[in-house]
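Let me begin by presenting the structure, written as structure tokens, before commenting on it.
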Amino acid sequence: MEQIKNWALGVTAAAIIGAVVLVITPKGSVEKTVRVAVSLFLMCALLNPFVTGIDFSEISEGLKEVPDGVDTSDAYSAVEKQTEEAISDEILKICSDCGIKNAAVNIDVRMNGENNLSVESVEISAESEYEPLFSSAEKQLEEKLGIKSKIGVRE
């Protein structure tokens with residue numbers, strides 16, 4: 001975060017210095033040259049972090065930090081629930097495209113480690129009349145979603 005503050009301060013200082021130089025520059029042929037020089041000066045100030053090789057991963061680490069005392073469990077639960085719903089909807093769509101109607105999907109998604117989501121389990125069940133279509137749907141799920149699943153007969 002300190003690096004971002006320093007960069008913003010540098011850009012602001014460059015803009016102020018450039019404005020002062022433009023104000024005191026005499027009108028005429030010199031003015032165009034000074035404008036080009038001030039523009040290049042500002043461009044260098046703006047591009048400084050990219051040219052000097054600042055470690056952006058260090059900056060992004062600072063942006064990920066959550067202040068102490070903030071409960072993130074509700075946010076994690078919401079993300080897990082939304083992910084489960086999105087995957088479930090996609091599985092139901094693929095099943096429907098394969099001809100399997102009224103399938104039931106039960107998914108367990110967990111947030112682990114460094115804010116990574118992982119699919120812990122996927123259970124899919126359908127009526128026995130659609131059993132001949134199960135293998136086709138299982139192949140589609142693996143191809144499109146990368147989920148190895150076994151569709152079972154609903155009891």
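The basis for the numbers below is simple: all heavy atoms, side chains too, and nothing from hydrogens, waters or symmetry mates.
Within 6.0 Å of atom NZ in Lys93, 12 or fewer heavy atoms from other residues, nucleotides or ligands are found, so the atom counts as exposed in its surroundings.
In this structure, the separation between CZ on Arg154 and CD on Glu131 is 13.0 Å, given to the nearest 0.5 Å. Of the inter-residue distances, the one linking Ser149 atom OG with Phe134 atom CZ reads 11.0 Å to the nearest 0.5 angstrom. Atom CG of residue Leu133 and atom SG of residue Cys95 lie 10.0 Å apart, to the nearest 0.5 angstrom.
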Does Glu84 form a side-chain contact (heavy atoms from CB on, under 4.5 Å) with Asp108? I'd like the steps, not just the answer. CA-CA 7 Å; Glu84 287 171 1; Asp108 185 22; 4.1 Å; yes

Set out, in order, the CA-CA distance, both residues' side-chain angles and the distance that settles side-chain contact (heavy atoms from CB on, under 4.5 Å) for Ile94 and Lys144, then state yes or no. CA-CA 9 Å; Ile94 291 170; Lys144 293 183 178 180; 3.9 Å; yes

Check the pair Ile100, Ile124 against side-chain contact (heavy atoms from CB on, under 4.5 Å), reporting the backbone distance first and the verdict last. CA-CA 11 Å; Ile100 300 172; Ile124 306 168; over 6 Å; no

Run the side-chain contact (heavy atoms from CB on, under 4.5 Å) check on Ile107 and Ile91 step by step: do they pass? CA-CA 10 Å; Ile107 301 174; Ile91 288 172; 3.9 Å; yes

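Closest non-hydrogen pair, Ala137 versus Cys98, comes out as CA-SG, 3.6 Å. Contact record, Val11 with Ala45: CG2-O, 3.7 Å, taken as the closest heavy-atom pair.
Linking ILVMFWY residues whenever their side-chain heavy atoms come closer than 4.5 Å, directly or via other members, leaves Val20 and Val34 in distinct clusters. By the criterion of side-chain heavy atoms lying less than 4.5 angstrom apart, applied directly or through intervening Ile, Leu, Val, Met, Phe, Trp or Tyr residues, Val30 is not grouped with Val23; the two fall into different hydrophobic clusters. Transitive grouping of hydrophobic side chains (ILVMFWY, heavy atoms separated by less than 4.5 Å) brings Val21 and Leu42 into a common cluster. Placement of Ile17 and Val38 within a single hydrophobic cluster is found when ILVMFWY residues are connected by side-chain heavy-atom separations under 4.5 Å, directly or transitively.
With hydrogens and angles ignored, the 3.5 Å screen pairs a side-chain donor or acceptor of Glu138 with a backbone N or O of Ile151. Under a 3.5 Å cut-off, the side chain of Ser96 and the backbone N or O of Leu92 do not form any donor-acceptor pair.
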